[in-house]
Amino acid sequence: MATSVLYAFFSRRMAVILFLGFCSGLPLALTGGTLQAWMKDEGIDLATIGRFALVGLPYTAKFLWSPFLDSVPPPFWGRRRGWAILAQIALVAAIAAMAFASPKTHIHELIIVAIALAFFSASQDIVTDAFRTELVDREQMGKAAGVYVMGYRLAMLVSGAAALEMAEHLPWKTVYLILAGVMALSSAATVFAPEPPIAQDAPAQSGSWNERVTRPFLDFFTRAGAIEILLFVMIYKLSTMMATALTTPFLMEIGFSKAEIGRVTKVFGLIATIIGTLAGGAMMDRIGLKRALWIFGLLQGTAGLAFILVASIGYNLPLLTLVIFVENFMMGLGVAALQGFMMSVCNRQFTGTQFALLSSITAVSRVVLVSQAGVIVEKLGWMQYFVFSALLAIPSLLLLRRFDAWQSLERRALTWKDKIQGASFALGLACIASEPIWTWLDKRWAAAQLSWVGALVIGSAVLMGLLPQSKAQKVAETHR
């Protein structure tokens with residue numbers, strides 16, 4: 001038994017998934033925290049640094065070009081492996097190009113290259129998400145999710161903490177060139193990866209616009225509870241993301257030094273996350289996806305309450321280490337469960353497009369919803385804020401009661417209610433996603449109002465889906 005478990009984690013396919021996760025995680029900090037540190041060193045003002053967060057918008061819109069990557073294979077290396085290699089080559093070039101675009105003297109060029117880097121990174125995510133989903137059987141999806149997240153987190157450590165450490169001794173140009181080299185070396189694993197088999201009835205390159213673009217989305221939205229699934233993946237991790245969004249300023253207020261915060265959160269936090277994702281993947285395959293989502297959702301929601309203990313006791317390094325370890329371990333469990341869920345609800349005929357849609361929705365939560373954390377802390381205070389964060393786990397757990405309905409493989413014709421529901425969800429999502437742009441334009445009042453409007457419209461769309469069908473609709477469904 002032990003041998004079979006070890007083999008499942010250390011097989012060739014899992015090694016490929018580990019490197020795919022590493023390649024996906026490496027570029028993220030290079031347009032985020034690491035780039036912010038470089039700009040700060042160059043004396044760029046905070047307003048400009050804050051606006052650079054908008055270069056990450058391709059991550060929230062990658063579903064728009066995912067049908068192309070799903071249906072049009074490159075002329076060599078296969079549909080998944082070919083696009084992955086091409087995206088990784090482009091990423092190596094973009095990271096190297098950033099090395100020569102100084103924030104002080106070439107700010108406009110840096111913006112262009114950073115957006116290009118985010119675009120290629122989002123494109124790589126589309127392919128690698130489909131790649132790893134198609135490489136493993138359904139029974140191994142939990143382990144695959146854990147291994148992928150482990151690679152992703154290790155890469156973020158390299159492009160984040162390790163890059164900042166290198167920048168203490170080397171010019172930023174050299175740091176980015178080194179990371180371009182790391183990206184190139186890591187991408188070599190993709191060359192030797194097995195090409196997943198193309199699913200029967202997958203979109204063909206020679207197909208019509210409906211076959212290649214419309215059909216993947218129609219397939220998703222004609223399944224039971226499609227809007228509920230989108231809302232679930234958007235808010236399942238919201239409680240833990242909100243609880244940890246302002247960890248550094250919170251701990252600095254308590255009296256911890258930046259060095260202590262860095263060591264505890266980066267070292268112990270990373271170790272705990274990796275252990276959590278691997279444990280979550282193994283447990284998920286044992287206890288089942290539904291039970292794992294329930295248990296891990298409860299655990300990650302309540303783990304943030306441990307910060308109340310830190311706020312009450314004050315400066316205590318051993319206590320902080322324990323709290324960070326527990327929080328990140330629980331977070332790892334939740335990440336593994338959510339990744340496994342997203343893999344399970346994708347139709348393998350359209351894996352790239354449908355996974356891109358789901359991961360774009362999760363990016364909205366990470367980029368937009370959590371941006372309100374500072375405002376909430378100012379109004380509630382730290383103690384009440386962590387309680388509020390824990391309560392945010394409840395909506396996703398209530399939605400999880402619909403899990404059995406989401407697993408239905410049957411598809412149905414779209415009704416008028418489905419179309420209104422889909423349009424309402426899209427409108428609400430657009431309102432929420434526009435918040436960073438209004439903030440950038442210094443229209444904070446409009447940004448706040450649109451966020452609330454978007455939340456209300458999405459809520460109404462979900463409630464509409466929970467309403468019972470009319471007798472006429474049920475008769476129509478029966479005769480189809």
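Source: prediction; values computed, not measured.
Y59 places no side-chain N or O within donor-acceptor distance of the main-chain N or O of D125, the cut-off being under 3.5 Å. Remark: the backbone N or O of A393 is paired with a side-chain donor or acceptor of S396 at under 3.5 angstrom. A side-chain donor-acceptor contact under 3.5 Å links E195 to the backbone of R80. Remark: side-chain polar atoms of Q300 are paired, donor with acceptor, to backbone N or O of Y236 under 3.5 angstrom. No donor-acceptor distance shorter than 3.5 angstrom exists from the side chain of K62 to the backbone of S121, with no hydrogens or angles considered. For Y148 (side chain) and T128 (main-chain N/O), no donor-acceptor pair under 3.5 Å exists by modelled atom type. In this structure, the side chain of S159 engages the main chain of L26 through a donor-acceptor pair within 3.5 Å. The closest donor-acceptor contact from the side chain of R81 to the backbone of P194 lies at 3.5 Å or more, if one exists at all. Judged by distance alone, the side chain of Q354 and the main-chain N or O of N347 form a donor-acceptor pair under 3.5 Å. Put simply, the side chain of W83 gets close to the backbone of V72: a donor and an acceptor are under 3.5 Å apart.
Taking CG of L333 as the start and CD1 of I275 as the end, the distance is 11.0 Å to the nearest 0.5 Å. We find the CG-CG distance between L91 and L179 to be 12.5 Å, quoted to the nearest 0.5 Å. Residue L299 holds its CG atom at 4.5 Å from CE of M330, rounded to the nearest 0.5 Å. Between the OG1 atom in T273 and the OH atom in Y152 there is a gap of 13.0 Å [rounded to 0.5 Å]. Annotation: the span from L177 atom CG to W172 atom CH2 amounts to 13.0 Å, rounded to 0.5 Å.
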task: Could you please spell out the steps behind the side-chain hydrogen bond (donor to acceptor under 3.5 Å, both in side chains) verdict for T244 and E327?
output: CA-CA 9 Å; T244 57; E327 170 67 26; 5.0 Å; no
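Under the 30°/60° scheme for interplanar angles, the aromatic rings of F232 and F341 are found to stand perpendicular.
Taking each heavy atom of G301 and S239 in turn, the nearest pair found is CA-OG, 3.7 Å. Closest approach of M156 and G25 over heavy atoms only: CG-O, 3.7 Å. Here the closest non-hydrogen pair linking A292 and M284 is CB-CG, 3.7 Å. Nearest approach of I254 to G314, heavy atoms of both residues: CG2-C, 3.6 Å. Nearest approach of L289 to S344, heavy atoms of both residues: CD2-OG, 3.4 Å.
Put simply, the side chain of K379 does not reach to within 4.5 Å of the side chain of Q384, judged on heavy atoms. With a 4.5 Å cut-off on side-chain heavy atoms, I85 and F76 do not count as touching. Residues L110 and L35 are in side-chain contact: their nearest non-hydrogen atoms beyond the backbone lie under 4.5 Å apart.
When the options F386, W382, Y385 are evaluated for a ring-ring contact (aromatic ring centres under 6.0 Å, His included) with F307, the one that passes is F386.
Residue pairs meeting the side-chain hydrogen bond (donor to acceptor under 3.5 Å, both in side chains) criterion with at least one partner in residues 304-315, sequence neighbours excluded, are E260-Y315.
If you look at F192 and F19, their ring centroids are not closer than 6.0 Å.
When the shell of 6.0 Å around NE2 of H169 is examined, it contains more than 12 heavy atoms from other residues, nucleotides or ligands.
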